[in-house]
Amino acid sequence: MRFAAIADIHGNHLALEAVLEDIWKQGITDIVNLGDCFSGPLTAGKTADMLLELNAVTVRGNHDRYLIDQAPEAMHVSDRAAHLELSEHHLNWLRGLPFSAVYQDAVYLCHATPADDNVYWLESVSADGNVYLKPLEEIEALAAGIDFPLILCGHTHIPRVVRLSGGRLIVNPGSVGCPAYDDDLPYFHKVEAGHPFASYAILERTGDHWLPVFRQVAYDHMAMAKLAAQNGRAEWASGLATGWLR
């Protein structure tokens, strides 16, 4: 069993296009999508057209939820920018997405954690803004009751694999379209990939074991950085151009 996992596209259709091409070059046709599909100052409409045609198993992220639960005037600037590009058809697709899913009776999918779409599962944030690997006991507590050998999540944009004490794997494939961001909660912090490439993961089961392979894909990231700058989002422009917020 072999498939690809994508997450956190954030309306970057050029990154998604490059990742899908790379996936197909690996001979993979099965893809799961872990949410946060459109939010950002980029090309939400084009990204939506691509994802609806792709028809991958998809779960809803927190920013996907904001796009259908909040009034446009109450949205964060990134969600509002995406909302302006999305049709009712696109929004109806978001409304139909589940919070979580099970893929091929073997893999659990969620955006952030099994109980909350806006909580970091594998990382913690210190009061001084450092992002670090959460203690194993805290990670395992959030995995209670999820009895699948492979668990996939996104949300933090950080490619990572954690093996739980009983052998289960939790894998975050990283972000397709947003290599750096900042957030105010629980404390102000930055998440920076340190590179501008699009990230995803290939998951392969051999016997009783799953092995993730993380891949980074080059694309015309400067075109997206220039678009973000034109749309008045300097921090997005910096992240897309370099993988750092400067």
Side-chain angles (χ1 to χ4, degrees), residues 1-26 28-40 42-68 78-79 82 85-86 89-114 117-118 121 148 150-161 170-179 181 197-204 210 212-217 219:
M1 185 175 175
R2 188 166 178 255
F3 68 97
I6 61 176
D8 295 289
I9 304 162
H10 282 281
N12 188 335
H13 87 279
L14 289 184
L16 176 60
E17 190 174 63
V19 162
L20 293 178
E21 182 178 352
D22 192 74
I23 290 170
W24 293 325
K25 284 181 179 178
Q26 311 307 312
I28 296 172
T29 57
D30 294 333
I31 301 171
V32 301
N33 174 16
L34 305 175
D36 273 10
C37 302
F38 307 134
S39 178
L42 303 176
T43 51
K46 290 181 180 179
T47 304
D49 289 340
M50 293 173 65
L51 283 180
L52 268 64
E53 182 178 353
L54 182 64
N55 199 32
V57 174
T58 302
V59 295
R60 188 172 66 232
N62 59 308
H63 283 282
D64 301 324
R65 174 170 56 83
Y66 303 154
L67 287 169
I68 56 177
S78 289
D79 302 319
E85 287 209 7
L86 298 175
H89 180 54
H90 299 146
L91 294 173
N92 282 335
W93 180 78
L94 286 177
R95 293 183 182 104
L97 296 179
F99 175 88
S100 61
V102 176
Y103 177 68
Q104 297 289 338
D105 298 321
V107 185
Y108 178 84
L109 315 175
C110 67
H111 177 66
T113 73
D117 65 9
N118 200 18
W121 194 341
F148 294 91
L150 179 62
I151 300 167
L152 302 182
C153 66
H155 190 49
T156 62
H157 302 199
I158 300 172
R160 193 188 291 279
V161 56
I170 304 179
V171 177
N172 185 329
S175 175
V176 169
C178 181
Y181 69 89
F197 307 123
S199 296
Y200 79 98
I202 296 171
L203 294 308
E204 184 169 9
W210 284 96
V213 175
F214 297 100
R215 292 187 63 84
Q216 285 73 47
V217 183
Y219 73 100

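One-based numbering along the sequence shown.
- A distance-only check finds a donor-acceptor pair linking the side chain of N12 to the backbone of G177 [under 3.5 Å].
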What's the verdict on side-chain contact (heavy atoms from CB on, under 4.5 Å) for I68 and R60, showing C-alpha distance, side-chain angles and the deciding distance? CA-CA 11 Å; I68 56 177; R60 188 172 66 232; 4.0 Å; yes

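- Remark: aromatic rings of Y181 and H157 are close, center separation under 6.0 Å.
- Between H10 atom NE2 and F38 atom CZ the span is 11.5 Å, to the nearest 0.5 Å.
- Between C153 atom SG and H111 atom NE2 the span is 9.0 Å, to the nearest 0.5 Å.
- The two residues A198 and A15 have their closest heavy-atom pair at CB-CB, 4.0 Å.
- To the nearest 0.5 Å, atoms CG (N172) and CG (L152) are separated by 9.0 Å.
- Counting heavy atoms from C-beta on, the side chains of V57 and L109 come closer than 4.5 Å.
- One distance of note links CD1 of I23 with CD1 of I31; it measures 4.0 Å at 0.5 Å rounding.
- Heavy atoms only, all atoms of each residue included: N33 and C37 are closest at ND2-SG, 3.5 Å.
- When each of D117, D79, N118 is tested with R65 by the rule side chain to side chain donor-acceptor pair (under 3.5 Å), just one qualifies, namely D117.
- Minimum interatomic distance between F214 and A201 (heavy atoms only, all atoms of both residues): CD2-CB, 4.0 Å.
- The backbone N or O of H13 sits less than 3.5 Å from a side-chain atom of T47, completing a donor-acceptor pair.
- Aromatic pair F3/Y103: ring centres closer than 6.0 Å.
- At least one side-chain heavy atom of S100 sits less than 4.5 Å from a side-chain heavy atom of Y108.
- The two atoms that bring A5 and Y200 nearest to each other are O-CB, 3.5 Å, heavy atoms only.
- Proximity of R2 to I202: side-chain heavy atoms (C-beta onward) are separated by under 4.5 Å at one or more points.
- A distance of 11.0 Å separates CD in Q26 from CD in E204, rounded to the nearest 0.5 Å.
- Judged by distance alone, the side chain of D22 and the main-chain N or O of V19 form no donor-acceptor pair under 3.5 Å.
- Counting only heavy atoms from C-beta outward, the side chains of T58 and L51 never approach each other to under 4.5 Å.
- P173 and L34 make their closest contact through CD-CD1, 3.7 Å (heavy atoms, listed as atom of the first residue, atom of the second, distance).
- V59 places none of its side-chain heavy atoms less than 4.5 Å from the side chain of F99.
- Closest approach of I6 and L16 over heavy atoms only: CD1-CD1, 4.1 Å.
- Side-chain contact between L54 and L20 is present, with heavy atoms from C-beta onward closer than 4.5 Å.
- A heavy-atom distance below 4.5 Å is not found between the side chains of F197 and S175.
- Taking CG from D64 and CG from N62, the interatomic distance works out to 7.5 Å, rounded to the nearest 0.5 Å.
- Two residues are said to be in side-chain contact when any heavy atoms from C-beta on lie closer than 4.5 Å; T113 and W121 meet this criterion.
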